[in-house]
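Letters go in sequence order (proteins before strands), and every chain restarts at 1.
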Protein chains: 2
Amino acid sequence: MEGRREVDYMSVLKESGIQVTYQRLAIYKALHSSTKHPSAEEIYQKVRKNFPMISLGTVYKSLERFGEAGLVQKVGTMADVSRYHTRADSHHHLFCIKCQSIQDIADPIGGNELSLPDGHGFEILGHDVIIRGYCPQCVEK
Amino acid sequence: MEGRREVDYMSVLKESGIQVTYQRLAIYKALHSSTKHPSAEEIYQKVRKNFPMISLGTVYKSLERFGEAGLVQKVGTMADVSRYHTRADSHHHLFCIKCQSIQDIADPIGGNELSLPDGHGFEILGHDVIIRGYCPQCVEK
DNA sequence: ATTCTTGCAAACGGTTTGCACATAC
DNA sequence: GTATGTGCAAACCGTTTGCAAGAAT
């Protein structure tokens, strides 16, 4: 079971202070070797092929543990609950990572061109910029 | 109950083809007059002061109806489930609004300065750019 | 009169938690 | 031997849905 290919992953986990288990190796590998930003469920399905007994709960717990260690992050989520506004033209925000307040701003890119990778093949409809930091109230503390 | 101040909101709803009720007026007003990007629960609490019988379900249904009519949108949510990745340096994404695929990209702002409003008072830690559109597979259809 | 909306309660689905057993150190 | 992780199931919580009564047109 201690295949050669797991070794780097094992070092990564160890060096991050994370206790190593076969489940965690498999979860981290599944995530790290994918470019698709999978969900917990997708990781679970992938890992299950080699670890039929693994539970989805373990995947969630491991991902959270990885997150605490700075190895893994969620993509594109500001707050945990849906939040709404009425201004169709306002897609750019200052977001306070402490109190989760959100402030509208004008497009901070202004007239500058976005530089995108060649050959991405996307039909671009627009862009949203989220600037993360501490709002005035939370800076002071 | 037909106060003068509701009149503009009534027109807005009517012109968007939305059937007008007092509940919807109150919900739309609560949202439109706030700069805080409230959650459904927060809107519910606010509206409840004037409409003690209103239900949270009505708030959700109304917000969805407003969304269909283009009057309201959720802020900062890509997909509905959490998705993960391992690259701490990758905060910029191409997001397909059809198939919900996500592709990492380098910072599309490059060396350009972000132009922020004066006096925002935020301590800025970083920025995330999400570019919305159709991925190559979904463009073709 | 018909269609749409409301309020209530139940259902749903992604995520978290509690606990007994197993594994890592 | 102690601390931590695993698997399972139940709980949680934001959101959605079904339905009978009520309001809008």
Side-chain angles (χ1 to χ4, degrees), chain A residues 1-2 6 9-11 13-28 30-31 37-45 47-48 50-69 71-84 100, chain B residues 1-2 6 9-11 13-28 30-31 37-45 47-48 50-69 71-84 100:
Chain A
M1 192 99 189
E2 190 136 348
E6 260 89 35
Y9 291 117
M10 200 176 321
S11 311
L13 298 191
K14 272 187 178 152
E15 281 159 25
S16 296
I18 290 181
Q19 187 169 311
V20 176
T21 66
Y22 292 122
Q23 290 90 332
R24 286 182 173 176
L25 281 172
I27 291 165
Y28 185 74
L31 180 55
H37 306 75
S39 64
E41 177 69 31
E42 288 165 340
I43 295 168
Y44 172 58
Q45 293 303 339
V47 170
R48 213 143 79 101
N50 293 318
F51 292 83
M53 306 305 296
I54 202 172
S55 74
L56 182 55
T58 295
V59 174
Y60 275 108
K61 284 173 187 163
S62 300
L63 288 171
E64 196 192 343
R65 192 76 194 73
F66 294 160
E68 290 165 8
L71 282 178
V72 162
Q73 36 269 116
K74 293 186 187 179
V75 310
T77 52
M78 283 199 282
D80 293 336
V81 298
S82 294
R83 296 172 60 174
Y84 302 84
Q100 309 217 94
Chain B
M1 192 96 191
E2 190 136 348
E6 260 90 34
Y9 291 118
M10 200 177 321
S11 312
L13 299 190
K14 272 188 178 150
E15 281 159 24
S16 296
I18 290 180
Q19 186 169 311
V20 176
T21 66
Y22 293 121
Q23 291 89 333
R24 285 182 175 175
L25 281 171
I27 291 165
Y28 185 75
L31 180 56
H37 307 75
S39 64
E41 176 69 30
E42 287 165 340
I43 294 169
Y44 171 59
Q45 294 303 339
V47 171
R48 213 142 80 101
N50 292 318
F51 292 85
M53 306 305 295
I54 204 170
S55 74
L56 182 55
T58 295
V59 175
Y60 275 109
K61 284 173 186 164
S62 300
L63 288 170
E64 196 193 344
R65 191 78 194 72
F66 294 160
E68 291 165 8
L71 282 178
V72 163
Q73 36 269 118
K74 293 187 188 180
V75 311
T77 54
M78 282 201 283
D80 293 336
V81 298
S82 294
R83 296 171 60 174
Y84 302 84
Q100 308 217 94

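Distance CZ (B/Arg83) to P (C/dG14): 13 Å, rounded to an integer number of Å. Atom-to-atom, CG of A/Leu56 to C1' of C/dG14 comes out at 9 Å; the value is rounded to the nearest Å. Counting to the nearest Å, the P atom of D/dG22 and the CE atom of B/Met53 are 12 Å from each other. Protein atom CD of A/Glu64 is 13 Å distant from nucleotide atom P of D/dT6, rounded to whole Å. Look at CD on A/Gln23: it is 8 Å from C1' on D/dG5, rounded to the nearest Å. Taking atom CE of A/Met10 as the reference point, atom P of C/dT23 lies 17 Å away to the nearest angstrom.
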(request) Applying side-chain contact (heavy atoms from CB on, under 4.5 Å), run through A/Thr58 and A/Val47 and close with a yes or a no. (result) CA-CA 11 Å; A/Thr58 295; A/Val47 170; over 6 Å; no
(message) Would A/Arg83 and A/Met78 count as a side-chain contact (heavy atoms from CB on, under 4.5 Å) here? Give the steps.
(response) CA-CA 10 Å; A/Arg83 296 172 60 174; A/Met78 283 199 282; over 6 Å; no
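Taking every side-chain heavy atom of A/Gln19 into account, D/dT4 is the closest of C/dT15, D/dT4, C/dT5. You'll find that the side chain of B/Ser82 is closest to C/dT15, out of C/dA24, C/dT15, C/dC4. If you check D/dG14, C/dC19, C/dT6 against the side chain of A/Val81, the one that comes closest is D/dG14. With D/dT15, C/dG14, D/dA24 as the choices, the nucleotide that has an atom nearest any side-chain atom of B/Tyr22 turns out to be D/dA24. Closest approach to the B/Thr58 side chain among D/dT6, C/dG7, C/dT5 is made by C/dG7 (side chain taken as heavy atoms from C-beta onward). Of the candidate nucleotides C/dG7, D/dG7, D/dA24, D/dG7 has the atom lying nearest to any side-chain atom of A/Ile54.
Nearer to the 5' terminus of DNA chain C, by closest-nucleotide assignment, is the contact made by B/Ile27 (compared with the other of A/Glu41 and B/Ile27). Projected onto DNA chain D by closest heavy-atom contact, B/Lys14 and A/Tyr84 fall at different nucleotides, the more 5' of which corresponds to A/Tyr84.
For A/Lys61 against C/dG18, a side-chain N or O and a base N or O form a donor-acceptor pair under 3.5 Å.
Proximity of A/Ser39 to the phosphate of C/dG14: no side-chain N or O atom is located under 4.0 Å from OP1 or OP2. OP1 or OP2 of D/dT6 lies within a sub-4.0 Å distance of a side-chain N or O belonging to A/Arg24.
When every heavy atom of B/Ser55 is checked against every heavy atom of B/Tyr44, the shortest pair comes out as C-CE1, 3.7 Å. Contact record, B/Val59 with B/Ala40: CG1-O, 3.7 Å, taken as the closest heavy-atom pair.
Using a 4.5 Å heavy-atom threshold, the side chains of A/Glu42 and A/Ser39 count as touching.
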